[in-house]
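Beneath this line is the structure, given in structure tokens, with notes to follow.
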Amino acid sequence: MTRFERDPDAPGPTVRGFAGGGFTVNETVYRAVLLTPTSAMRWDPPASAAELLAGHVEPLLALDPSPEFLLLGTGPRLAHPSRALREALEARGIGLESMDSRAAARTWGLLRGEERWIAAALMPLD
């Protein structure tokens, strides 16, 4: 398992590392996960980032206030999300940053350590 740490006093869920095909968030392992500044939830994404629609990440879009941007982990390698998802986020004034899921998990820790109001959707690593 790959492990990494962030400021233990930073609020919200902490991605502690990768285990098997998933992510260890606090003490729970998720194959795929949605992260908000206050919670982590199991996620069943479509098979590819190209199939993602706004409805797949609706719990993140319902945050109040809206997140600065959605950090999208697209799986074991960078993939481009659907145009429909990009347009739906843009219409709500939410930015989108896509990268492979390992990089997204590390970036989550850095940005939440700065207490940025962001959301993340991490697709499976396998």
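Computed over heavy atoms, backbone and side chain alike; hydrogens, waters and symmetry mates excluded. Along the sequence shown, residues carry numbers from 1.
Contact annotation: the side chain of Pro45 approaches that of Pro124 to within less than 4.5 Å [non-hydrogen atoms, C-beta and beyond]. The shortest side-chain heavy-atom distance between Leu111 and Phe69 falls under the 4.5 Å cut-off. Looking at Val57 and Leu72, their side chains never come closer than 4.5 Å, going by heavy atoms from C-beta outward. When side chains are defined from C-beta on, Val29 counts as touching Thr24, because their heavy atoms get closer than 4.5 Å. Using a 4.5 Å heavy-atom cutoff, the side chains of Leu52 and Met123 are in contact. In this structure, the side chains of Pro46 and Leu53 stay at 4.5 Å or more apart for every pair of heavy atoms. Taking 4.5 Å as the limit, every side-chain heavy atom of His80 sits out of range of all side-chain heavy atoms of Ser98. With contacts defined as side-chain heavy-atom distances shorter than 4.5 Å, the pair Thr36/Met41 qualifies.
Between the side chain of Asn26 and the backbone N or O of Thr14 there is at least one donor-acceptor pair closer than 3.5 Å. Counting only distance, with no hydrogens or angles, the side chain of Arg16 and the backbone of Glu27 share no donor-acceptor pair below 3.5 Å. Although no hydrogens or angles enter the test, the distance criterion places no donor-acceptor pair under 3.5 Å between the side chain of Trp108 and the main chain of Ala120. Side-chain atoms of Thr74 come within 3.5 Å of backbone atoms of Arg77 as a donor-acceptor pair (strictly under, hydrogens ignored).
Cluster annotation: Phe18 is connected to Leu71 through the hydrophobic network of ILVMFWY side chains, with a link wherever side-chain heavy atoms come within less than 4.5 Å.
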(message) salt bridge (charged side-chain N to carboxylate O under 4.0 Å, His left out), that's the test. Do Glu87 and Arg83 meet it? Break it down for me.
(response) CA-CA 6 Å; Glu87 289 174 351; Arg83 181 179 186 159; 2.8 Å; yes
